[in-house]
Student: 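Structure incoming, see below.
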Amino acid sequence: MSSTRDHSHLSAEDQIKLEEWRKKRRAREPDNVTPELAPPPKAEAQPKKRRNWRDHLTSYDEVDNDEDGIVVKRRPTNTEEEERIPNENVYSGNEKFKQDEERELAEKPTKKEVMDIAAVRANLPIYSFREDLIKAVKTGQTLIVIGETGSGKSTQISQYLMEEGFADRGVIGITQPRRVGAVSVARRVAEECDCDIGDMVGYSVRFGDQTSPKTKIKYMTDGVLLRECLLDPMLKRYSVIILDEAHERSVNTDILFGLMKMTLAKRPDLKLLITSATLDQGKFSHYFNNSRVFFCPGRSYPVDIFYLDEPNKDYVDKAVRTAIRIHEEEGKGDILIFLTGQYEIEEACNRLEKEMQKLYKRKPDMQDLVIVPLYAALPPGEQSKVFQPAPTGTRKVVVATNIAETSLTVEGVVFVIDPGYVKQTGFNATTGMESLEVVYISQVAAQQRAGRGGRTRPGKCYRLYTKTEYDNLIPSTVPEIQRSNLCNVILTLKAMGVGDILGFEFLDPPDPVLLIDAMKQLFFLGALQPDGSLTTVGEKMAKFPLDPKFSRALVAASETGCTRDMLSLVAMLSIENIFYRPSTKEGRAKSDDKRRELFEDISGHVPDEITGDHVALLYLYDSWLDSHKDNKFCNEYFVQPRHMKEADDIRKQLHEIMETEKLSLSDKKGRYSERMERLSLALCQGLYINAAKRFNRPPEAKPKHLREKINNDEDLAHNQYQDYTYVVMNRGQLALVHPQSAVLLSPQQQAPEWIVYGDLVQTTRVFMRTVCGVKEEWLEVLHERKKDLNVSKLVGRDVREVVSSLKLAQAVSTEIVDSKYDESHAEEAFARRNDDAKVQAARERALQRRKQQQQPPQKKK
DNA sequence: CTCTCCCT
C-alpha cells in the first residue's frame with residue numbers, strides 16, 4: 001500500500017470537501033487556537049486526524065487478493081517446505097513473510113504453555129459438567145446441550161469425548177453452519193491438543209480439506225456432512241456427530257436433523273449431540289425421542305438494554321444521532337450499528353461524517369470517530385479495516401448488516417445500536433416468488449445483537465424501539481427452510497433414497513405447496529419420473545454441488561457438445577456479487593461502463609436473439625484466462641480477483657465430477673456464434689421453466705421517467721427504447737429485467753423477444769436476474785413434459801389430503817409455464833399497476849401488513 | 001432502475 005493515499009476513488013466533490021476539511025483541521029491546530037480553547041496536552045500529542053470516512057477504505061486497486069477472507073495459517077509441512085524453497089520471493093524477497101514464518105515457528109507452544117492451555121480449559125464453564133456430560137452420552141443416544149456464548153461447548157465437547165475413547169472406533173464429526181466457524185474452531189482445538197491441523201484434529205470445508213487418516217476430531221460445514229450423507233447415508237466413519245449452532249437453523253442443519261433421526265434408528269452405536277445457544281429445547285427434545293437436555297451457563301459480560309419511550313420511524317437518522325450522542329457522552333469502547341443493506345450503510349456513514357464535522361465545530365477537542373462500513377459484498381481488503389483497532393484516542397463505529405450478528409465478530413464493541421430491522425428473503429408460496437424485504441427482527445435476534453456488546457467487558461445496547469414493540473416481536477426467526485426454494489434440498493433427499501418427501505420428518509415442516517412446487521420443477525427438469533422417482537439424469541444432477549437448474553444445463557451441455565463453455569459459465573453463475581460497485585456515484589458509473597464494454601465487445605459476435613448476461617459472463621471468464629488470471633485485469637473490470645479465483649476452483653471441481661460421472665466431455669467445434677448458440681440451447685434445458693416474453697406496450701403507457709428519457713434522446717427514440725418489461729410465463733406476472741443485467745446496459749440493442757432468467761426476486765419491483773435470450777421453439781419441450789404430469793402421482797400422496805383447499809388449485813396445476821401465453825392477462829395485470837403512486841401506496845400497506853403479521857396476536861386489539 | 005446472508 002502506498003504511503004500517500006489515493007483519492008481517485010472519491011468524487012471530485014468529495015475530494016474538495018476533504019481538502020477543505022483538512023485546511024480547517026490545520027487551522028485548528030494548537031498554534032492557531034486561543035489558549036482557553038487549547039486541547040489538553042495529551043490530545044496535543046495525538047494531533048487530530050479527522051478524515052472523511054471513505055479515507056478508511058482502500059481504493060479499489062489496493063484490494064488484497066485474500067483467499068476467501070479466511071486466514072489459514074498452516075504450519076509448513078515438509079513437502080510444502082520443499083515446494084517453497086525454489087521460490088526466492090518467499091524467503092529472500094519478502095522480509096515480512098519471513099518474519100511471520102519465524103514468529104509462527106517460535107510460537108510453537110512450549111511445555112509451560114501447554115500447561116497454561118490445560119488451565120484455560122479447566123477454567124471454562126463447561127468443565128464442571130464434564131463427568132455428567134460423558135455419563136449422559138454413554139447412557140443415551142441423543143443429547144441436547146444448551147450452552148450460552150463463552151461456555152466452551154464448541155471446542156471442549158469434542159475433546160472430552162475423544163479423551164473418553166469415543167474416537168477409538170470412528171471419527172467425531174462436528175458441523176458448523178459457516179466455513180470460518182469450522183476452520184477457526186478446528187485451529188483452536190488443534191492448538192489445545194498440541195497437534196498440527198489435519199493431524200488428529202482437522203477440518204473439511206469446500207476447497208479446504210485438512211484431514212488425514214489420523215484425524216479423530218473433524219470440524220466441517222453442515223453442507224460438507226450433507227454431501228457425505230449422499231455417499232454414505234449410514235455415516236459409517238463416524239462414532240459421534242455433533243450438530244453445533246443448531247439455533248441458527250440453517251437449511252442444511254435442518255435437513256441433517258431429519259437424516260440423523262433416520263440414521264440413528266439404524267445405527268444404535270452412533271451418538272448424536274445437538275448443541276446450541278438458546279433454542280426451544282422442549283420442541284427439540286420431543287423431536288429427538290425425548291432426549292436429555294443439558295444446560296451449561298456461558299461466560300459473557302452483562303449488557304444494559306435501553307429502549308425508546310416513543311416508537312421511531314426514521315431509524316437511520318435515529319441510529320446516527322444515537323451514535324453521536326454515545327460518542328459525546330460515553331466512555332471508551334467501539335460502537336456497532338446494525339442496518340439492513342449497503343445503501344443504508346453508506347447513507348449512515350455519510351451522515352455520521354456530517355454530524356462529526358458539526359460536532360467538531362462545537363467541540364474542537366472532541367476525540368476522533370473512525371467510521372467503518374461492513375457488509376459481505378465489500379472486498380476483503382476493506383472488510384479487514386473492521387478488525388484493526390481504532391488508533392489510540394479515537395473511537396471506532398462499525399456500520400454493518402447482520403453479517404456482524406453471527407458471521408464476523410468485531411472485538412472491542414461496547415455499544416450496540418439495534419434499530420430492529422433485517423433484510424430477509426421470503427418465499428411466497430402462492431406466487432412462487434422470492435422476495436427480499438425489510439422486516440422486524442425476532443426477539444432471539446435482538447438478544448444476539450445485544451450480546452455483541454458484552455464480549456470483552458460490560459456493554460450497552462440501544463434498541464431503537466419501545467419495550468412494547470420488543471414484546472410484540474416474534475420470539476424466534478422463521479427457520480430458513482420455510483422461506484427458501486427447496487429444489488436442491490429435495491433433489492439431494494431423493495438421491496439419498498428418501499422417496500416420500502411430504503412424509504419426511506422436518507423439525508419445522510415447510511409449506512407443502514413449497515415442497516410440491518419444488519418437485520414439479522424437478523419433474524420439468526427431467527430429474528424425476530412421473531411417479532416421483534429419480535431419473536438417470538436426476539442421479540447425475542444430484543452429484544453436482546449446484547442449483548438443479550445449472551446441474552441440468554451441465555448434463556445437457558455434455559449431450560449438446562459444449563461442456564467447456566458450460567463449465568465456465570456455471571462456475572461464474574455460482575458466484576454472487578461478482579461485479580464490484582464502488583460506493584461513489586462516479587465509481588459506479590465507471591463500473592457500469594466497463595460492464596457495458598464487455599457486453600458490447602461480444603454483441604456483434606453473438607446472435608441478437610440469444611444475447612444476455614450468460615454470454616457476457618462467459619466472455620468475462622475467458623478474457624480473464626487470456627489475461628493469465630491477472631489481477632490488473634480484474635481491477636480494470638471491477639471484478640474481485642477472489643471471486644474469479646473461486647469460479648476457477650468451482651470449475652475445476654465440476655470438471656472432476658463430470659469425469660467421475662463419465663459424462664461426455666467431447667465438444668463440437670464451430671464458430672463463436674455457433675458455440676454460443678449451442679451453449680444457450682443447453683442452458684435453456686435448465687432454465688426453460690423460467691421463461692418470459694417481452695411485453696410491448698404503447699409508448700404513452702410507459703412510465704414517466706422513460707418517456708422523458710425517450711423524448712430527450714433522439715437515439716433512444718429512434719431505436720424505440722425498451723423498458724424491459726416482460727411477462728413471466730407461469731402466472732402472468734409482470735417483471736423487469738434487473739438493472740444490473742447486461743441486457744439493460746445496451747439500450748441500442750433490441751431486447752430479446754423471449755428470455756429465460758436465473759431467478760425472480762421482489763424488492764421494490766419484481767426483477768429477473770441474469771437473463772438470456774432464447775428461441776421460442778426451445779421452449780416447446782414443455783408441452784411434452786406437461787402431458788405426463790399428475791401431481792398426486794408425482795408426490796406420492798393425494799394432494800387434496802396435504803394441501804388446504806385454498807391453495808389446492810395451485811398445487812395441482814400443471815401450468816409451470818405456458819409459452820402460448822395470452823397477452824390479455826398481462827394487459828390486465830399492467831392496468832392494475834399502471835398508476836405508480838397507487839402501487840407504491842399499496843406496497844407500503846402490504847409491507848405494514850406483513851410487519852404486523854410478524855407480531856404475535858396481542859397486538860390485534 | 002439495484003444492492004440481507006450463508007453453503008456444497
Side-chain angles (χ1 to χ4, degrees), chain A residues 68-69 175-182 204-209 220-231 245 248-256 338-347 373-378 400-408 421-426 434-439 441 445 477 480 483-484 488-489 491-492 495 542-548 550-551 574-583 588 591-592 646 649-650 653-654 657 703 705-706 709 723-725 736-741 744-745 747 761-769 836:
Chain A
D68 227 3
T175 68
Q176 294 284 331
R178 275 174 301 278
R179 301 158 56 102
V180 230
S204 180
V205 297
R206 191 183 194 181
F207 307 125
D209 188 1
M220 62 197 134
T221 48
D222 46 17
V224 166
L225 187 62
L226 201 58
R227 280 276 136 190
E228 285 185 13
C229 286
L230 204 53
L231 302 171
E245 312 286 351
E248 288 193 27
R249 302 294 306 274
S250 75
V251 176
N252 288 340
T253 306
D254 263 26
I255 296 295
L256 283 170
F338 285 102
L339 292 176
T340 70
Q342 181 178 351
Y343 180 81
E344 257 176 36
I345 288 172
E346 275 162 15
E347 183 182 334
L374 175 66
Y375 45 88
L378 215 56
T401 58
N402 50 337
I403 194 172
E405 210 172 281
T406 49
S407 309
L408 293 177
Y421 293 93
V422 68
K423 200 175 271 184
Q424 192 178 262
T425 47
E434 223 172 89
S435 59
L436 194 58
E437 12 178 299
V438 174
V439 295
I441 60 171
T477 313
E480 208 186 343
R483 19 176 204 99
S484 27
N488 202 1
V489 162
L491 182 63
T492 312
K543 298 288 195 310
F544 291 96
L546 290 170
D547 184 307
F550 301 141
S551 53
S574 301
I575 311 294
E576 51 178 359
N577 297 326
I578 193 149
F579 292 104
Y580 176 69
R581 302 197 76 221
S583 54
R588 248 167 252 189
S591 153
D592 289 346
E646 200 185 341
D649 288 339
I650 291 172
Q653 190 190 25
L654 298 176
I657 297 171
H705 73 274
L706 284 175
K709 202 164 182 176
D723 63 358
Y724 304 94
T725 303
L736 292 165
V737 175
H738 196 280
Q740 274 194 43
S741 167
L744 253 190
L745 287 172
V761 67
Q762 177 164 20
T763 49
T764 51
R765 297 277 173 91
V766 180
F767 291 107
M768 296 173 291
R769 291 188 288 203
D836 275 9

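Heavy atoms only: backbone and side chains are in, while hydrogens, waters and symmetry mates are out. Per chain, numbering begins at 1; letters A, B, ... match sequence-line order.
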Student: Does any donor-acceptor pair link the side chain of A/Glu480 with the base of B/dC5 at a separation under 3.5 Å?
Tutor: no
Student: Would you mind classifying the nucleic acid contact of A/Glu576 as base, sugar-phosphate or nothing, using non-hydrogen atoms under 4.0 angstrom?
Tutor: base
Student: For B/dC3, does OP1 or OP2 lie under 4.0 Å from any side-chain N or O of A/Thr763?
Tutor: yes
Student: Which part of the nucleic acid does A/Thr425 contact within heavy-atom distance under 4.0 Å: base, sugar-phosphate only, or nothing?
Tutor: base
Student: So, is A/Thr401 close to the B/dC5 phosphate, meaning a side-chain N or O under 4.0 Å from OP1 or OP2?
Tutor: yes
Student: Report which part of the nucleic acid A/Arg588 touches: base, sugar-phosphate, or nothing (heavy-atom distance under 4.0 Å, all strands).
Tutor: base
Student: Mind checking A/Leu436 for me? I need base, sugar-phosphate or nothing, with any heavy atom below 4.0 Å counting as a touch.
Tutor: base
Student: Specify the residue among A/Thr340 and A/Arg227 whose closest nucleotide of DNA chain B lies further upstream toward the 5′ end.
Tutor: A/Thr340
Student: Can a side-chain donor-acceptor contact be found between A/Thr340 and A/Glu344 if the only test is distance below 3.5 angstrom?
Tutor: yes
Student: Would you say a side-chain N or O of A/Thr221 is under 4.0 Å from OP1 or OP2 of B/dT8?
Tutor: yes
Student: State whether a side-chain donor-acceptor pair under 3.5 Å links A/Arg206 with A/Gln653.
Tutor: yes
Student: Measure distances between side-chain N and O atoms of A/Gln424 and base N and O atoms of B/dT4, and say whether any donor-acceptor pair falls under 3.5 Å.
Tutor: no
Student: If you look at every strand shown and take non-hydrogen atoms under 4.0 Å, does A/Val224 touch a base, only sugar-phosphate, or nothing?
Tutor: sugar-phosphate
Student: For atom OH of A/Tyr343, is the number of surrounding heavy atoms from other residues, nucleotides or ligands below 6.0 Å larger than 12?
Tutor: no
Student: I'd like to know if A/Glu346 pairs up with A/Arg588 as an ion pair, taking the criterion as any Lys NZ or Arg NE/NH1/NH2 lying under 4.0 Å from an Asp or Glu carboxylate oxygen.
Tutor: yes
Student: Within the 4.0 Å heavy-atom criterion, would you say A/Phe544 contacts the bases, only the backbone, or no part of the nucleic acid?
Tutor: nothing
Student: Rounded to the nearest angstrom, tell me the gap between atom CG in A/Leu378 and atom P in B/dC6.
Tutor: 12 Å
Student: Is A/Ala376 touching bases, backbone alone, or none of the nucleic acid, heavy atoms closer than 4.0 Å?
Tutor: sugar-phosphate
Student: What does A/Arg178 touch in the nucleic acid at a heavy-atom separation under 4.0 angstrom: a base, only the sugar-phosphate, or nothing?
Tutor: sugar-phosphate
Student: Under 4.0 Å, heavy atoms only, any strand: does A/Ser250 hit a base, just the sugar-phosphate, or nothing?
Tutor: nothing
Student: If I take atom CD in residue A/Glu347 and atom P in nucleotide B/dT2, what distance separates them, rounded to the nearest angstrom?
Tutor: 15 Å
